[in-house]
Amino acid sequence: MLIATKVRLYPTSEQRRFINGQFGAVRFCYNKAVALKRDLYRKKGISLSVNKEIKPLLSVAKKSRKYRWLSQYDSISLQEAVRHADTAYKRFFKKEARFPQFKSKRNRQSSYHCTSLSVGKDFIKIPKCEPIKAIIHRQIQGKVKSITVSRDRVGDYFASILSETPEKVPDKPTEVEESKVIGIDLGIKDFLTDSFNRTVDNPKELKSALKELEKAHKEVSRKVKGSRRRSKAVSCLAKVYRKVSRKREDFQHKVSKRLIDENQAVIAESLKIKNMMHNRKLARAIADAGWGGFLSKLKYKAERSGKFFIQTDTFFPSSKTCPRCRYKFDGLTLAMRQWICPKCGGLNLRDYAAAINIKREGIVQLKAAGLAVLRR
Ligand SMILES: [Zn+2]
């Protein structure tokens, strides 16, 4: 089983310089790979494989005078950067993500290392750098596999250590009870509504942190570009941003853990997020709700505990379908929180109805996968 542990790093100023240089090299390789593929396609109509044709260029580049500086840094992380560019293109072609963007110096930075890495009691050692002081709260379990070093927007350094324990992931059952299958509808007003008509709201601390974030954003935009006041406001914004993401992570971990612990299968919608992104105003709120992060937590928690997590199809109209008679109500607008079914006359609470439909669709998929869904 794979386990990720996050630790805070305290690099010396010299080590900081090295790590920042490493980030720069990773960024450079990623951006180069993205640009090479794009340019060759645009100018000559040639579609290069990032992995097969661009990656080998890396070792050639390191021998050249211009790019020799790259060899100061961990070579595995540079190869990984090129591989990431490949994944970004693949996701774009599968319509799962927008066109690959260049990585900027300003955002969160990260680099990946995987061989010759060691973790001590109060340090970690990555290739080509002296041991870096670290605070390791929890003992790393199992065999260390890889490490990702990152710098957040505040300027603090972290390492995420991936390790593998000999424990096996539990086998998934061949049958589930219908009462232990739950459908969830992710929303903006409430964080989620489930198929038992229970809602989970965003916690108060998160809401107030989000308000702070909005204020900090405004502060930045009010200040003159390039001024000292502005850079102060920017660093304040970064701190609030971190506060929001910590509170959100904490909340999402709790909710996803509870859902997985209490049920045998959790069903959610998958690509709705993307569909709704067409609406600009909503997009902001959706980004805030951090659904992507929540769904991925559900996914790995389910995998780890031998439970099912299913994401239903994109074009499944969960809110518009009457859960009683399956009538599709095309007149439903975003503002309508409830609606009366023109066919059977039943009252449908929008989010609750959606959660029931999502659950039903999930059960169809579970059965299609050969599972027995028992009614008790
Ligand atoms: Zn109906």
Side-chain angles (χ1 to χ4, degrees), residues 95 173 175-202 255-256 258-260 262-286 288-292 294-295 298-299 302 307-376:
K95 297 201 164 106
E175 52 178 49
V176 294
E177 280 172 48
E178 200 185 315
S179 60
K180 289 274 169 79
V181 178
I182 195 169
I184 56 168
D185 178 52
L186 299 177
I188 295 186
K189 200 177 138 280
D190 296 305
F191 179 72
L192 71 82
T193 302
D194 70 22
S195 48
F196 297 102
N197 199 17
R198 294 176 301 202
T199 57
V200 177
D201 197 3
N202 281 306
V255 178
S256 56
R258 184 178 57 78
L259 281 168
I260 296 295
E262 290 175 358
N263 298 285
Q264 292 177 317
V266 178
I267 324 288
E269 271 176 311
S270 52
L271 305 167
K272 184 178 172 187
I273 299 163
K274 231 177 45 193
N275 283 342
M276 289 172 96
M277 279 290 189
H278 292 304
N279 181 329
R280 275 260 177 103
K281 243 194 223 161
L282 259 182
R284 171 77 208 286
I286 289 164
D288 283 349
W291 291 346
F294 181 66
L295 293 174
L298 280 172
K299 190 172 172 212
K307 305 278 178 88
F308 294 93
F309 172 61
I310 290 189
Q311 287 179 275
T312 60
D313 191 35
T314 330
F315 301 111
F316 167 64
S318 64
S319 307
K320 282 183 186 178
T321 306
C322 173
R324 287 176 207 84
C325 70
R326 324 237 78 198
Y327 175 81
K328 266 188 204 76
F329 181 52
D330 283 321
L332 190 70
T333 65
L334 271 174
M336 292 161 79
R337 305 305 307 160
Q338 55 187 45
W339 54 283
I340 288 170
C341 175
K343 197 174 159 199
C344 71
L347 174 72
N348 292 318
L349 302 173
R350 184 199 187 96
D351 301 339
Y352 177 33
I356 294 173
N357 288 325
I358 289 167
K359 172 178 173 169
R360 233 184 240 162
E361 185 66 21
I363 287 176
V364 170
Q365 289 191 27
L366 284 170
K367 283 181 178 163
L371 214 81
V373 181
L374 310 174
R375 274 206 155 148
R376 280 205 187 125

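Just so you know, residue 1 is the first one in the sequence shown, and it goes up from there. Whatever order the structure lists them in is the order used to number ligands and atoms, beginning at 1.
None of N263, L259, I267, V255 except one satisfies the side-chain contact (heavy atoms from CB on, under 4.5 Å) rule with I184; the exception is L259.
Expressed to the nearest 0.5 Å, how far CZ of R360 lies from CD of Q365 amounts to 15.0 Å. For the atom pair CD of E175 and NZ of K180, the computed distance is 12.5 Å after rounding to the nearest 0.5 Å. Atom CG of D351 sits about 7.0 Å away from atom OG of S319, to the nearest 0.5 Å.
Side-chain contact, E361 with S318: no donor N or O sits under 3.5 Å from an acceptor N or O.
The aromatic rings of F329 and W339 sit parallel, their planes meeting at an angle under 30°, below the 60° perpendicular limit.
Around the Zn ion (ligand 1), the protein N, O or S atoms closer than 2.8 Å are C322 SG, C325 SG, C341 SG, C344 SG, listed by chain and residue number.
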